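First comes the structure, then the notes that go with it.
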Amino acid sequence: MSRPRVPIGTFGEILLIHRASGSVEARARYRDWDGKLREVQATAKTEAAAERALKSKLAERSLLQPGAAAITPDSSFRELADYWFEDMELEGRVTRQTLDAYRRQMNNLVLPVFGNLTLREIGVARCDMFTKQLAKQSYSRAKQAKTVLRLAFALAVRHEVLLRNPMDGIGRLRKPPHAPDALTPQEVGAIRVAIRAWERGTVVSGPKPDGQLSAIIEVMLGTSARIGEALALRRRDVDIASAVPTVLIAGTIVTPSGQTPYRQDHPKTAKSRRVVALPSFTAEAVRARLADLADRSPDALVFRSRNGTPLTPNNVRRQLRRVLDLAGVERANPHKFRRTAATEISNAADADLAAELLGHTDSRTTIAHYIHRDEMVNPVTAALLDARFGRKA
């Protein structure tokens, strides 16, 4: 009886060999497009780097011409998910934090339901029912599940495992009505009072506050920066000496799963890179923070840990929640300062200027998600109607 051949375009077990020079060589046998088994190898300084280099070589060989995928219609959805994540890692077009988010969403929302089903068992009706049931619990979770399902099935379609993407035929998710909320001037005042008390240590237990949180809040409120963008500011990004003080928002702090936080040299989108003029309260907070910062190098982070490393956004959020509880402000998070800035600029000028401040390419996004709508119609309408239809008229 003949032994079944491994599919074209697949590779066997990866062998790691440590050389006397200190380098590591990764090897694997690969069945090429002509059906022959060939040994492919790559060398790097560490095992992980050698394995990545080898997989990159194998991926390049896989792109030479189309062929049978490592999955079939009888493969489980879990196998497709693994195949999809491996494909994204080889392509390298998705950031690590996005990849980690996709993995969490797949593991928590989708695989418990679809993991053991074969691809041929998953059709439009099953996907439609799943997303509708999940949307009853949470629109946000349903939207996340829909995204990872669509992308995974799209890979199966591209590799000719499925004829069509079952997610293309499902019903549209209906987003529940939501009005963006913003802080009032009174709430901002209460937060400032609470944070002064908190940083003086009169209402806090545990490690003594280092005074940075109040400055972080003033930066977010005065620039509309995301929390990661505020924490990524360096000395070189701040210009306090000019007649109009400014900051350059040109990076963000990211925390990949299982790794230490680091500064990414670009913000969320290309449009998000911007120079923002500082209101006086923000300029004052930044000036005081720079005076306290011992590190004078241009790349020194304005906000940093005692060891000089980036602050973790989640740790700052936890500190902020304590302060907001003291101030009696409910349902608040760092993004609320961003919405507050957008709302005030929109009310005083227009949505386009608010979008420019936030780094949005389209003011419709700003209006839908960031600007709090004032239910009070401009009182001038009463005067205009009175002038036209009033008894004196």
Side-chain angles (χ1 to χ4, degrees), residues 3-65 67-72 75-108 110-111 115 148 151-152 155-156 158-159 161 228 251-266 299 305 307-310 312-314:
R3 179 181 299 175
R5 291 180 178 272
V6 295
I8 287 175
T10 60
F11 59 91
E13 181 181 0
I14 295 178
L15 178 64
L16 298 172
I17 302 172
H18 290 261
R19 297 299 185 187
S21 61
S23 61
V24 179
E25 181 181 290
R27 294 181 179 178
R29 292 179 65 80
Y30 177 85
R31 187 165 185 240
D32 234 325
W33 299 108
D34 58 4
K36 294 182 179 180
L37 283 171
R38 292 186 173 89
E39 188 171 77
V40 183
Q41 60 188 35
T43 304
K45 293 182 179 180
T46 65
E47 291 186 355
E51 187 170 342
R52 285 197 299 269
L54 176 61
K55 287 184 176 181
S56 179
K57 276 191 174 182
L58 296 173
E60 290 176 3
R61 300 179 77 95
S62 299
L63 295 175
L64 293 177
Q65 55 182 304
I71 54 174
T72 70
S75 299
S76 69
F77 182 82
R78 189 179 301 276
E79 291 174 302
L80 172 61
D82 293 339
Y83 189 68
W84 175 53
F85 284 120
E86 183 177 345
D87 181 77
M88 284 194 294
E89 288 181 343
L90 290 174
E91 284 187 343
R93 293 188 299 175
V94 178
T95 63
R96 173 55 57 182
Q97 54 268 36
T98 300
L99 190 61
D100 289 341
Y102 284 162
R103 200 179 296 277
R104 286 193 303 271
Q105 293 157 10
M106 181 67 79
N107 291 338
N108 296 336
V110 178
L111 288 182
V148 294
L151 292 173
L155 176 65
R158 290 200 308 273
H159 288 202
V161 178
T252 188
I253 301 299
V254 295
T255 310
S257 178
Q259 300 181 32
T260 56
Y262 66 92
R263 185 185 185 278
Q264 178 179 277
D265 62 359
H266 59 85
D299 289 324
S305 71
N307 298 325
T309 56
T312 305
N314 282 342

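Since this is a predicted model, take the numbers as computed values, not measurements.
Looking at Ser305, its side chain does come within 3.5 Å of a backbone N or O of Asn307 through a donor-acceptor pair. Ser75 places no side-chain N or O within donor-acceptor distance of the main-chain N or O of Glu79, the cut-off being under 3.5 Å.
Listed here is the closest heavy atom pair of Leu37 and Arg29: CB-NH2, 3.6 Å. Closest non-hydrogen pair, Ala50 versus Ala44, comes out as N-CB, 3.4 Å. Contact between Leu155 and Trp84 at its shortest, heavy atoms only, is CD2-CA, 3.4 Å. The nearest pair of heavy atoms linking Thr312 to Thr255 is CG2-OG1, 4.1 Å.
The distance from the CD atom of Gln41 to the NZ atom of Lys57 is 6.5 Å, given to the nearest 0.5 Å. The distance from atom CG of Leu111 to atom CG of Asp82, rounded to the nearest 0.5 Å, is 8.0 Å. Asp100 CG to Arg103 CZ: the interatomic distance, rounded to the nearest 0.5 Å, is 7.0 Å. Atoms CZ and CG, from Phe85 and Leu151 in turn, are 10.0 Å apart once rounded to the nearest 0.5 Å.
A heavy-atom distance below 4.5 Å is found between the side chains of Leu90 and Lys55. At least one side-chain heavy atom of Val40 sits less than 4.5 Å from a side-chain heavy atom of Leu58. Residues Phe77 and Met106 have side chains in contact (heavy-atom distance under 4.5 Å, counting atoms from C-beta outward). Within the 4.5 Å cutoff, side-chain heavy atoms of Val254 are placed close to those of Tyr262. Looking only at side-chain heavy atoms (C-beta outward), Thr309 and Pro261 stay at 4.5 Å or farther from each other.
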Between Leu99 and Glu89, does a side chain to side chain contact (heavy atoms under 4.5 Å, CB included) hold up when you go through it step by step? CA-CA 8 Å; Leu99 190 61; Glu89 288 181 343; 3.5 Å; yes
Run Tyr83 and Met88 through side chain to side chain contact (heavy atoms under 4.5 Å, CB included) and show every step you take. CA-CA 9 Å; Tyr83 189 68; Met88 284 194 294; over 6 Å; no
Less than 3.5 Å apart, which donor and acceptor atoms pair up between the side chains of residues 13-27 and the rest of the protein, not counting sequence neighbours?
unit_1 : atom_1 : unit_2 : atom_2 : d
His18  : NE2    : Glu47  : OE2    : 2.7
Arg19  : NH2    : Glu25  : OE1    : 3.0
Arg19  : NH2    : Glu25  : OE2    : 3.1
Ser21  : OG     : Ser23  : OG     : 3.1
Glu25  : OE2    : Arg27  : NE     : 2.3
Glu25  : OE2    : Arg27  : NH2    : 3.0

